[in-house]
Amino acid sequence: MEPILQVRDLHTSFLTSGGEVQAVRGISFDVEKGKTLGIVGESGSGKSVTSLSILQLLGTTGKIRQGSIRLDGEELTTKGKKEMRSVRGSRIAMIFQDPMTSLNPLIPVGEQVGEMIWAHDRSISKAEREKRVIELFQMVRIPEAEKRLRSFPHEFSGGMRQRVMIAMALACKPELLIADEPTTALDVSIQDQILKLMRSLQQEIGMSIMFITHDLGVVAELADRVAVMYGGLIMEEADIFDIFARPMHPYTMGLLASIPDMHQDKRKRLQPIPGSPPDMIHPPKGCPFAPRCPYAMRICQEEMPEYRKTGENRSSRCWLLDPEAPQDGNPFRQGKEAAHE
Ligand code: SF4
């Protein structure tokens, strides 16, 4: 089956007073129909810029420098602003961390969801629209859906507001839902409810989801596949089971180290790995993770490792996985000193 989203060799930069920030530096991935791809990484890894590139919401300073983004086979990078407006909201829907930034505080929530339906189907009557909004509220498990239509956003809890956003996202039956940290601001039990809701909606309506998060617990809950990003690159991509059971990239291992047993503590946040992310105005010529990697070898500082297949349906970018890479510096000794003996 053709993937719903195909991203190939995407490069996105931002112009700043300090120079060009190379936020995304040549990434490729697919989102399969009816599946969830989790994109995981620390702040500054390029994960959110990836979603903004797909949506062409890069502002005046951001630019896709190179690459292809295909939605169900149709190229998006060549579309103009007007065409992309119609893609957003109808073919690709988005939910973000803070629903209050997307909801109008002065308009009842039912009306806002109804407006979204009307924007994409001007022939629909007011009564039909209201019926559809009630159905959507029921679908996202908002209790007493009929009564809540006329409530204002501030009358909802954070979790209920996020359910309204999901209802709004579903209003136009999108082919792809992009969710960027949608549960980060919620407390743990509410996060869990929203993730379970998204999972069951996906099963009910076969929705395809790209889920962006720094939270490994969220990925374990929802994703079928995971792409781990660092320094504007995908460092490893594999099925969810393989990422947890057999991580191959030192960065993925570092992220997982904070979860001794995923079954006991699914909600544990990623612990920061010592060190800082790379300077993306002057990214290193070698592996961007080298200054923080306990396995770094000499070649890691000097040359970028290739993104290569490391098994069935999985890939990784690391010199340790290249049997022909020169082994100067012992990769299995802890510490940079060992790597530079
Ligand atoms: Fe570590 Fe080298 Fe692999 Fe980068 S390429 S993750 S520095 S071992």
Side-chain angles (χ1 to χ4, degrees), residues 9-11 21-29 37-47 49-50 212-216 219 225-260 269-341:
D9 197 28
L10 178 69
H11 293 248
V21 177
Q22 297 172 46
V24 172
R25 300 192 289 151
I27 62 167
S28 301
F29 62 87
L37 174 72
I39 299 195
V40 186
E42 295 168 299
S43 165
S45 60
K47 60 190 192 306
V49 174
T50 301
I212 290 164
T213 181
H214 66 282
D215 188 329
L216 212 46
V219 163
R225 263 182 94 69
V226 180
V228 178
M229 283 193 75
Y230 187 82
L233 298 164
I234 293 178
M235 290 298 183
E236 179 157 28
E237 189 190 337
D239 287 347
I240 184 76
F241 179 81
D242 288 330
I243 282 284
F244 277 89
R246 290 184 293 277
M248 287 186 165
H249 195 282
Y251 181 58
T252 314
M253 292 175 201
L255 295 180
L256 286 165
S258 65
I259 304 184
R269 294 279 175 88
L270 305 183
Q271 296 296 313
I273 297 165
S276 315
D279 169 4
M280 299 306 283
I281 294 179
H282 307 288
K285 62 178 177 172
C287 171
F289 189 54
R292 301 170 76 184
C293 179
Y295 304 108
M297 303 176 284
R298 197 155 293 135
I299 191 171
C300 303
Q301 327 275 347
E302 290 159 7
E303 280 182 54
M304 178 71 83
E306 254 181 53
Y307 191 55
R308 58 174 60 234
K309 266 184 90 69
T310 48
E312 200 183 327
N313 212 14
R314 66 181 303 173
S315 303
S316 196
R317 183 188 289 279
C318 176
W319 282 117
L320 287 178
L321 302 168
D322 182 344
E324 288 174 14
Q327 300 288 314
D328 299 26
N330 185 335
F332 296 105
R333 258 190 241 169
Q334 297 289 313
K336 296 289 298 298
E337 300 78 9
H340 293 282
E341 276 173 0

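All figures in this text were calculated on a predicted structure; none of them were measured in a lab. Counting starts at 1 for both ligands and their atoms, in listed order.
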Regarding R292 and Y230, do their side chains bring together a donor and an acceptor under 3.5 Å, going by distance alone?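 Their side chains do contain a donor-acceptor pair, which is all the 3.5 Å distance test asks for.
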Could you tell me, atom by atom, which parts of ligand 1 come under 4.0 Å of a heavy atom of [X]?
| X | value |
| --- | --- |
| H249 | 6 (S) |
| L320 | 8 (S) |
| A290 | 7 (S) |
| C300 | 2 (Fe), 5 (S), 7 (S), 8 (S) |
| C287 | 4 (Fe), 5 (S), 6 (S), 7 (S) |

Count the heavy atoms of every other residue, nucleotide or ligand shown that sit under 6.0 Å from NZ of K285, and state whether that count exceeds 12.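 No.
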Any chance you could lay out the side chain to side chain donor-acceptor pair (under 3.5 Å) test for Y307 and E236, step after step, and finish with the verdict? CA-CA 8 Å; Y307 191 55; E236 179 157 28; over 6 Å; no
Between D322 and R308 (salt bridge meaning N to carboxylate O under 4.0 Å), is one present in this structure?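 Answer for the salt bridge query: yes.
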Taking the side chain as every heavy atom from C-beta outward, state whether M304 and L233 have any pair of such atoms under 4.5 Å apart.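 M304 reaches L233 side chain to side chain.
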Metal site atom 2 (Fe) of ligand 1: N/O/S of C318 inside 2.8 Å: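 False for C318.
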Describe, in one word, how the ring planes of H249 and F289 are oriented to each other, choosing from parallel (under 30°), tilted (30 to 60°) and perpendicular (over 60°).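 Plane angle between 30° and 60°, so tilted.
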Whether C293 has an N, O or S atom under 2.8 Å from atom 1 (Fe) of ligand 1: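 Yes.
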